[in-house]
Amino acid sequence: AQSVSQHNHHVILSEAASLELGCNYSYGGTVNLFWYVQYPGQHLQLLLKYFSGDPLVKGIKGFEAEFIKSKFSFNLRKPSVQWSDTAEYFCAVNPGYSSASKIIFGSGTRLSIRP
Amino acid sequence: DTAVSQTPKYLVTQMGNDKSIKCEQNLGHDTMYWYKQDSKKFLKIMFSYNNKELIINETVPNRFSPKSPDKAHLNLHINSLELGDSAVYFCASSQDTLAGVTGELFFGEGSRLTVL
């Protein structure tokens, strides 16, 4: 069955540290890839997305993600985190450009930033 | 203005009761969804409506019945609540049925349902 794995359940970093959150998916064909973020007390919102073209995608608030097809990965990165980045991060995959019913979410990674 | 709003935010109830969660979006979107987030935080789609018409109905017990009086509202009614129904339910909307292509799902803040 298709799945999305986020291996880091809880990541704790100090401010200014670099961040990389892992995301791997199991689907061999064309995919659309997303990262959503949920700040404390707020709704899930789109951070960035990949459809095609440059595998390095830039998102809001200095985040970026790199699609590595050979590794079935779409890791999220940020060179220097801030306290305000404390949130839950969800990776999501839509296999085969299909409808919303096929979007598969990972279980999320909680990011805690120490001031 | 909240784009996608859900009520109630928290709901604690006894097994066997019937309860509803309401959702409204003011984005003018055509499509609305209900997702369930289980204890392991996996988000799974339950239903989707496009212009008041049901287009996605995943494997969900028929105790769950969505209702869309208009394209800005999608309510979720649950009959005979069971312990396993405890979860966070998220409403979402998108511009059209091709949310997978645009990738832009707009979520509500979630409704945490606890069944005792």
Side-chain angles (χ1 to χ4, degrees), chain A residues 1-10 21 23 25 27 29-53 57 59-60 65 67 74 87-111, chain B residues 1-7 9-10 23-27 29-50 54-60 74 87-112:
Chain A
Q2 296 153 5
S3 65
V4 177
S5 299
Q6 292 182 245
H7 305 292
N8 311 108
H9 297 295
H10 190 188
L21 300 182
C23 173
Y25 62 92
Y27 181 75
T30 306
V31 291
N32 294 341
L33 299 157
F34 315 92
W35 276 96
Y36 280 83
V37 60
Q38 185 175 25
Y39 297 104
Q42 296 187 27
H43 55 275
L44 275 145
Q45 56 188 292
L46 186 68
L47 196 56
L48 48 79
K49 59 189 177 187
Y50 169 81
F51 290 151
S52 62
V57 179
I60 60 173
F67 170 48
F74 190 56
E88 192 90 32
Y89 292 81
F90 293 89
C91 181
V93 173
N94 187 350
Y97 297 114
S98 52
S99 70
S101 66
K102 300 299 182 186
I103 294 177
I104 304 165
F105 284 84
S107 60
T109 297
R110 182 188 301 176
L111 176 63
Chain B
D1 264 354
T2 303
V4 181
S5 58
Q6 304 177 219
T7 55
K9 205 167 179 176
Y10 300 96
C23 179
E24 176 182 2
Q25 55 97 1
N26 62 8
L27 298 167
H29 287 167
D30 296 324
T31 309
M32 296 184 72
Y33 312 83
W34 277 109
Y35 281 83
K36 179 180 180 180
Q37 186 177 45
D38 62 23
S39 57
K40 295 184 178 179
K41 297 192 292 177
F42 284 104
L43 270 163
K44 291 183 182 177
I45 193 165
M46 301 172 69
F47 301 104
S48 174
Y49 271 73
N50 178 260
L54 180 66
I55 56 170
I56 295 171
N57 186 350
E58 294 295 294
T59 307
V60 176
L74 180 61
V88 181
Y89 293 86
F90 286 94
C91 179
S93 73
S94 67
Q95 183 60 43
D96 54 37
T97 56
L98 298 179
V101 176
T102 65
E104 194 76 60
L105 285 169
F106 292 79
F107 285 88
E109 292 183 10
S111 296
R112 182 177 292 276

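By convention in this document, chain letters (A, B, ...) are assigned in the order of the sequence lines, proteins followed by strands, and residues within each chain are numbered from 1.
Formation of a donor-acceptor pair under 3.5 Å by the A/Q6 side chain with backbone atoms of A/Y89 is found in this model.
Using a 4.5 Å cut-off between heavy atoms, A/E88 touches chain B through its side chain atoms alone. At a 4.5 Å heavy-atom cutoff, B/Q6 makes no contact with chain A through either its backbone or its side chain. With a 4.5 angstrom heavy-atom cutoff, B/F47 does not touch chain A via any of its atoms. Residue A/Q45: no heavy atom, backbone or side chain, is found under 4.5 Å from chain B.
A 6.0 Å sphere centred on NZ of B/K44 holds no more than 12 heavy atoms belonging to other residues, nucleotides or ligands.
Under the 30°/60° scheme for interplanar angles, the aromatic rings of A/F105 and A/Y36 are found to be tilted.
Here the closest heavy-atom approach between residue A/V57 and residue A/K49 is recorded as CG1-O, 3.0 Å.
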